[in-house]
Novice: 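Supplied in structure tokens, the structure appears directly below.
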Amino acid sequence: MDKKIFSGVQPTGNLHLGNYLGALKNFVELNNDDANQCIFCVVDLHAITVKHEPNELKNNIRETVASFIASGINPKKSIIFNQSSVAAHSEGAWILSCVARMGWLNRMTQFKEKAGKDKEKASIGLYSYPVLMAADILLYDSTHVPVGDDQKQHLELCRDIAQKFNKDFGVNDFLKAPEPLIQKEFSRIMSLKDGLKKMSKSELSDLSRINLTDEKDQIINKIKKAKTDPLPMPKDVQELKERPEAQNLLGIYSSLNNSSLENSVNKFSGKNFSEFKDELSELLVNKISPISKEIKKLIKEQAYLDSILLDGVEKANKIASKKIKNMKEIVGF
Ligand code: AMP
Ligand code: TRP
């Protein structure tokens with residue numbers, strides 16, 4: 001059977017190296033395999049679950065599309081669209097929020113992280129965010145969902161919601177429980193300033209991440225300033241367990257190079273960090289600069305980017321509107 005691939009990325013400003021290695025790189029490989037039908041969604045409804053700047057949202061959506069294409073996704077092969085333009089996502093999310101249980105959502109660690117200490121002040125949207133994500137996936141009968149490691153729990157919830165819907169309404173296999181596609185290695189890229197914290201857009205310091213739009217000099221500077229420990233480069237993989245910054249930087253190097261962690265560790269074993277950092281910077285510049293240039297070129301082609309979205313919305317609507325129609329009939333509307 002052909003794989004039906006679905007994934008989403010939030011349009012919240014610059015995408016970074018974590019997004020690229022955890023998700024986009026995988027999207028491109030899946031897009032290149034003709035046996036797959038791929039749908040990549042710019043999840044703008046998810047982006048308003050936290051405070052956002054309305055004037056910037058449209059451009060952030062376009063920038064996300066530009067980043068998809070600059071990374072190598074072919075809009076002629078894959079459907080690229082924005083979530084808020086396909087009404088079935090909001091409708092489906094409501095129906096599924098009546099199926100999902102509070103107890104399930106209370107376990108979601110991303111909500112706890114994002115809401116911080118003051119949960120009472122978090123939006124209800126932030127809390128029910130994974131239910132909308134389940135609707136995204138289930139509307140397209142998606143079989144596989146490529147994501148970074150941080151989304152694993154949300155995908156398990158999606159499977160639970162699908163199974164409960166089918167059971168509650170006696171519609172065996174109507175909603176298809178999807179398989180997560182999470183890379184075995186390097187599926188969680190950490191901050192350059194703290195090897196125990198995820199690389200993220202919301203981190204205050206820009207030095208903590210490599211943005212896909214960074215210039216050569218910025219990349220070199222960020223790697224130079226990246227946190228390390230005082231020891232020389234590790235001699236074996238085992239040593240990395242207690243050296244999170246070394247593990248992260250070697251992981252980034254290996255992922256970009258498509259090599260194993262073991263090979264990278266052996267290559268730099270016992271050397272100074274500065275020597276490794278020079279090679280890492282060079283590799284990053286080689287991989288990221290062409291993407292950065294392409295994003296900057298595409299972002300100026302607003303009409304082109306909008307036409308991709310318009311085309312994607314039309315195609316996505318065709319699939320999602322059928323599924324939501326059936327879903328509404330099943331619940332009795
Ligand atoms: P987001 O920007 O939160 O919408 O994430 C888009 C995709 O990037 C999702 O598949 C995430 O799992 C992935 N992702 C985000 N941050 C990281 C990270 N630090 N390491 C690996 N994958 C990530
Ligand atoms: N929650 C995902 C993230 O923050 C984004 C997302 C929304 C998504 N809907 C999705 C990912 C559907 C995969 C499938 O990264």
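Remember, it's 1-based here, ligands and their atoms both numbered in the order they're listed.
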Novice: Quick one: does NZ or CZ of Lys323 land under 6.0 Å from the six-membered ring centre of Phe174, within 45 degrees of the ring axis?
Specialist: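 Lys323 over Phe174 ring: yes.
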Novice: Tabulated below should be the N or O atoms of ligand 1 paired with protein N or O atoms at under 3.5 Å; can you produce that?
Specialist:
unit_1, atom_1, unit_2, atom_2, d
ligand 1, 2 (O), Asn19, ND2, 3.2
ligand 1, 2 (O), Lys201, NZ, 3.1
ligand 1, 4 (O), Gln10, N, 2.9
ligand 1, 5 (O), Asn19, ND2, 3.4
ligand 1, 8 (O), Asn19, ND2, 3.1
ligand 1, 10 (O), Gly148, N, 3.1
ligand 1, 12 (O), Gly148, N, 2.8
ligand 1, 12 (O), Asp150, OD1, 2.4
ligand 1, 19 (N), Ile189, O, 2.8
ligand 1, 19 (N), Met199, O, 2.9
ligand 1, 20 (N), Ile189, N, 2.8
ligand 1, 22 (N), Gly18, O, 3.2

Novice: Identify whether Ile95 and Leu139 are in the same connected component of the hydrophobic contact network (ILVMFWY, side-chain heavy atoms under 4.5 Å).
Specialist: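 Shared cluster, yes.
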Novice: With the 4.5 Å side-chain cut-off for hydrophobic clustering, are Tyr20 and Val43 part of the same group?
Specialist: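 Different clusters: Tyr20 never reaches Val43 through Ile, Leu, Val, Met, Phe, Trp or Tyr contacts under 4.5 Å.
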Novice: Are any side-chain N or O atoms of Ser208 and backbone N or O atoms of Glu203, one a donor and one an acceptor, separated by less than 3.5 Å?
Specialist: no
Novice: Charged N to carboxylate O under 4.0 angstrom, Lys197 versus Asp194?
Specialist: no
Novice: Is the shortest distance from a Lys or Arg side-chain nitrogen in Asp34 or Lys77 to a carboxylate oxygen in the other one below 4.0 Å?
Specialist: yes
Novice: Considering non-hydrogen atoms only, spot the tightest contact between Gly195 and Met190 and give its length.
Specialist: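 Nearest pair, atom of Gly195 first, then Met190: O-CG, 3.4 Å.
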Novice: Report the C-alpha separation of Tyr129 and Phe111 in whole Å, then their side-chain angles, then the decisive distance to 0.1 Å, and conclude whether the ring-ring contact (aromatic ring centres under 6.0 Å, His included) test is met.
Specialist: CA-CA 8 Å; Tyr129 173 118; Phe111 173 75; 9.7 Å; no
Novice: Between Lys235 and Glu239 (salt bridge meaning N to carboxylate O under 4.0 Å), is one present in this structure?
Specialist: no
Novice: Who's touching ligand 2 if we go heavy atoms under 4.0 Å?
Specialist: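 Shell around ligand 2 (4.0 Å, heavy atoms): Phe6, Ser7, Gly8, Gln10, Val43, His46, Tyr129, Met133, Asp136, Ile137, Val145, Val147, Gln151.
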